Amino acid sequence: MFERADLLGVSVCKVTAAEVIDKILEYLKTDEGHIIVTADASAVVIAMDDPEFTEIIREADIVTPDGAGILLASKILGLGITEKVSGVDLARSLCRLSGEKGFSIYFLGAAPGVAEEARQKLLEQYPDMKVVGVHHGYFKPEEEASIVEEVKASGADILLVAMGIPAQEKLIKRNLDKLGVKAAIGVGGTFDVFSGRIERAPVWMQRHGMEWLHRLCKNPKKISKVAMLPKFMMKVLRKRLLGG
Ligand code: UDP
């Protein structure tokens, strides 16, 4: 278990990407399913009004610090979180390692066609990659059970779910025992990025914690998510100034 820091009621692990990958490789040798949450500022804000999501985070095996907002909050509150561990970066590392280490991955989520496009694009870079199944994330609640069975039948070791916070984490929690995977990770808009449908921000913007601005310019519909950032920062500053 990694050491955790309490960030406005959400306990985030003080981890590096390399440590998370090593831990996931250890999970692959076990017989149980493990839940990994990639928590950005919006996850913390959503958790404030969603006790079910808060509980999922509390019980998750790993909660990674995802995003510049979390790092800035850590600096302000002195939490000791030093590295961003995003869903996109974790997913890419796992895809790259799947061929070399011989484990398999299932992609669930994003609009019809996107996960398959993501797989094709990644295969150009990692020809040995083992993605054993894909399914889009726009299905009816009554279809969930058969998709879960499909994941299990694929024999995948790792499930990446890209359906947005908190739906992806809730789906994982509801079905963990039935999925047959050793690790399930909520990865947000990752397949949109891998498929090339959404460009990632230039490296200099990522370095300066401005990925959110790039996303907003590319997709103004994201305003409701970006609007959570000021709310998050206000809560962080309040905590810094008033404690409690
Ligand atoms: N999505 C999905 N099913 C839904 C709603 C959304 O598969 O019912 C997908 C959507 O197409 C996108 C991803 O979930 O690929 C959400 O990406 P976002 O960056 O908004 O994720 P978050 O920041 O919430 O983790």
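In what follows, residues are counted from 1 in the order of the sequence shown. In listed order, ligands and their atoms are each counted from 1. All figures in this text were calculated on a predicted structure; none of them were measured in a lab.
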Hey, quick one: are Val187 and Ile35 part of the same hydrophobic cluster, counting side-chain heavy atoms closer than 4.5 Å, chains of contacts allowed? no

What protein heavy atom lies closest to atom 21 (O) of ligand 1? Include the residue and the distance to one decimal. Gly188 CA, 3.4 Å

For the hydrophobic clusters of this structure (ILVMFWY residues joined by side-chain heavy atoms under 4.5 Å, transitively), does one cluster hold both Leu229 and Leu71? no

Just by modelled atom types, is the Thr64 backbone N or O under 3.5 Å from a matching donor or acceptor in the Thr38 side chain? no

For ligand 1, which atoms have a heavy atom of Lys225 less than 4.0 angstrom away? 22 (P), 23 (O), 24 (O)

Output yes when a side-chain donor or acceptor of Asn175 lies under 3.5 Å from a complementary backbone atom of Lys178, and no otherwise. no

Top protein contact for atom 24 (O) of ligand 1, by heavy-atom distance: Ile165 N, 3.0 Å

Protein heavy-atom partner closest to atom 6 (C) of ligand 1 - residue, atom, separation in Å: Tyr138 OH, 3.1 Å

Which part of Ala110 is near ligand 1, with near meaning a heavy atom under 4.0 Å away: side chain, backbone, both or neither? both

Do Arg92 and Gln125 pass the side-chain hydrogen bond (donor to acceptor under 3.5 Å, both in side chains) test, and can you show the C-alpha distance, the side-chain angles, and the key distance before you say yes or no? CA-CA 10 Å; Arg92 180 179 289 283; Gln125 292 174 58; 3.1 Å; yes

Within 45° cone and under 6.0 Å: Lys130 NZ/CZ vs Phe103 ring: no

Give the ring-plane orientation class for Phe194 versus Phe107, where under 30° counts as parallel, over 60° as perpendicular and anything between as tilted. tilted

What part of His136 sits under 4.0 Å from ligand 1 if we count only heavy atoms: the side chain, the backbone, both or neither? neither

Should the ring pair Phe139 and His135 be called parallel, tilted or perpendicular, given that the plane angle runs from 0 to 90° and is split at 30 and 60? perpendicular

Within ligand 1, which atoms have a heavy atom of Ala111 less than 4.0 Å away? 11 (O)

Which one holds for Asp192 and ligand 1: side chain close, backbone close, both close, or neither close, with close meaning a heavy atom under 4.0 Å? side chain

Short version for Ala162: what comes under 4.0 Å of ligand 1, heavy atoms counted, is backbone

Looking only at protein heavy atoms, which one is nearest to atom 3 (N) of ligand 1, and how far off is it? Gly137 O, 2.7 Å

Atom indices of ligand 1, in the order listed, that fall short of 4.0 Å to a heavy atom of Gly189: 17 (O), 18 (P), 19 (O), 21 (O)

Just need the protein heavy atom nearest to atom 18 (P) of ligand 1, so name the residue and atom and give the distance. Lys222 NZ, 3.3 Å

